[in-house]
Amino acid sequence: QDQRAAVVFMTNRLNFIAQMDAIANGTWKKLFREMLGMDPEMALTETGLKNSFGKEYWNTLMEMFEDDLEGGVFSLEYLLGTLMRVVALFVIIPAWVVLGICTCGWLWPPQIREHIFTSAVSKHNSETEREEELRRNQLVKVKAEIVAMGEDLRQELALDRTQIVQTKSLVAERKQEIQTEMKDIKRVIAMLFEQQGM
């Protein structure tokens, strides 16, 4: 009875999963991509749709403004290029921006979404990270300098100790020599007094 209940449960679960998969990967996606002018055979993921929708069109619009128009002011190429720039600047781009605002940014090209949603935050984060990295580097340098100074001080103290020990031993040797010389002088003086007394 437990096995039968498990089989019924799993069968219902698998049916639900199959229905959701059919809805998510149905033919409507291909039709939607064809309506938007995209490649219907391209693998369709949510990030792929977001990253690909409008990217090429936006790049094409921006390339119109990058190139200088050739020919004279009254040539046909110059006049058509200027007309296309004016139409793009005052009709297509504002309409696209308004359409994106109406769809909460979903129909904006990735370049606009990136500029609006990430540029200020990432710039601020990069400046903050740069300052923190600079502080870390300064702390590392200061720590290294402190360690080096500590080593120098230890070496100087060890050298001073050895010099003090050497000086003490020299003083002790000199004191011993002076004491032996004083003993010799006393003995010589005592011998002189003895010889004079005779």
Side-chain angles (χ1 to χ4, degrees), residues 6 9-10 13 17 20-21 24-25 38-39 42-68 89 93 96-97 100-101 103-198:
F9 175 77
M10 292 306 293
R13 180 73 84 165
I17 291 172
M20 291 298 111
D21 186 48
N25 296 320
M38 293 184 212
D39 182 15
M42 192 171 93
L44 187 66
T45 61
E46 190 171 331
T47 55
L49 178 63
K50 284 182 183 175
N51 289 337
S52 65
F53 176 72
K55 186 173 188 174
E56 297 298 322
Y57 300 127
W58 186 261
N59 286 338
T60 304
L61 281 175
M62 292 301 111
E63 285 174 5
M64 283 192 335
F65 294 101
E66 290 175 0
D67 297 331
D68 291 334
L89 188 62
I93 294 174
W96 202 346
V97 169
I101 290 171
T103 60
C104 298
W106 190 71
L107 292 179
W108 276 334
Q111 295 93 330
I112 291 179
R113 286 194 302 260
E114 181 180 334
H115 180 71
I116 289 175
F117 297 126
T118 63
S119 65
V121 173
S122 62
K123 183 185 285 186
H124 177 70
N125 284 343
S126 64
E127 288 175 7
T128 305
E129 289 172 2
R130 217 176 296 130
E131 289 175 2
E132 288 178 4
E133 186 67 27
L134 184 64
R135 287 187 196 128
R136 279 190 220 119
N137 289 341
Q138 289 174 345
L139 281 174
V140 167
K141 287 179 184 177
V142 168
K143 285 180 182 179
E145 289 175 4
I146 289 172
V147 168
M149 285 177 55
E151 274 303 312
D152 289 344
L153 284 174
R154 283 190 204 105
Q155 289 176 358
E156 286 179 15
L157 285 174
L159 186 62
D160 290 344
R161 283 187 197 128
T162 55
Q163 287 178 349
I164 289 172
V165 168
Q166 288 175 354
T167 306
K168 281 184 178 178
S169 65
L170 285 175
V171 167
E173 288 175 9
R174 193 70 182 144
K175 185 178 175 184
Q176 187 68 31
E177 288 175 5
I178 291 173
Q179 285 177 351
T180 54
E181 285 178 6
M182 289 296 287
K183 285 180 184 177
D184 288 342
I185 290 173
K186 282 183 184 177
R187 196 167 19 98
V188 169
I189 290 176
M191 283 176 37
L192 283 175
F193 276 131
E194 285 176 9
Q195 285 177 359
Q196 269 184 352
M198 288 188 183

Let me confirm one number: the [atom1]-[atom2] distance from [X] to [Y], rounded to the nearest 0.5 Å.
X	Y	atom1	atom2	result
Leu159	Thr162	CG	OG1	4.5 Å
Glu181	Lys186	CD	NZ	13.5 Å
Glu131	Glu129	CD	CD	11.0 Å
Arg187	Met182	CZ	CE	13.5 Å
Arg161	Ile164	CZ	CD1	8.5 Å
Leu139	Lys141	CG	NZ	11.5 Å

**Asked** Which residues satisfy the side chain to side chain donor-acceptor pair (under 3.5 Å) test with Asp21, sequence neighbours excluded?
**Response**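 Result, side chain to side chain donor-acceptor pair (under 3.5 Å) vs Asp21: Asn25.
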**Request:** Would you please test Ile93 and Met62 for side-chain contact (heavy atoms from CB on, under 4.5 Å) and show each step?
**Result:** CA-CA 10 Å; Ile93 294 174; Met62 292 301 111; 3.8 Å; yes
**Prompt:** Got Pro109 and Lys55 here, is their nearest side-chain heavy-atom distance under 4.5 Å?
**Reply:**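 With C-beta onward as the side chain, the pair stays apart.
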**Asked** Is the count of non-hydrogen atoms from other residues, nucleotides or ligands lying under 6.0 Å from Met20 atom CE greater than 12?
**Response**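 It does: Met20 CE has more than 12 such atoms within range.
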**Message:** To check you understand the geometry: which heavy-atom pair defines the closest contact between Trp58 and Gln111, and what is its length?
**Reply:**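 Minimum heavy-atom contact is CD1-CD, 3.6 Å.
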**Request:** Please report the shortest heavy-atom distance between Trp96 and Leu61, naming the atom on each side.
**Result:**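 Here Trp96 and Leu61 meet closest at CZ3-CD1, 3.8 Å.
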**Message:** Run Gln195 and Leu192 through side-chain contact (heavy atoms from CB on, under 4.5 Å) and show every step you take.
**Reply:** CA-CA 5 Å; Gln195 285 177 359; Leu192 283 175; 4.3 Å; yes
**Request:** Please identify each residue that fulfils side-chain contact (heavy atoms from CB on, under 4.5 Å) with Glu132, with sequence neighbours left out.
**Result:**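 Glu132: side-chain contact (heavy atoms from CB on, under 4.5 Å) contacts with Thr128, Arg135, Arg136.
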**Request:** With sequence neighbours left out, write down each residue that passes side-chain contact (heavy atoms from CB on, under 4.5 Å) with Arg174, or none if nothing qualifies.
**Result:**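 For Arg174 the side-chain contact (heavy atoms from CB on, under 4.5 Å) partners, ignoring immediate neighbours, are Glu177, Ile178.
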**Request:** Any chance you could lay out the side-chain contact (heavy atoms from CB on, under 4.5 Å) test for Trp108 and Ile101, step after step, and finish with the verdict?
**Result:** CA-CA 8 Å; Trp108 276 334; Ile101 290 171; 3.6 Å; yes
**Asked** Ion pair present between Arg130 and Glu133, side-chain N to carboxylate O less than 4.0 angstrom?
**Response**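 No, Arg130 and Glu133 are not salt-bridged.
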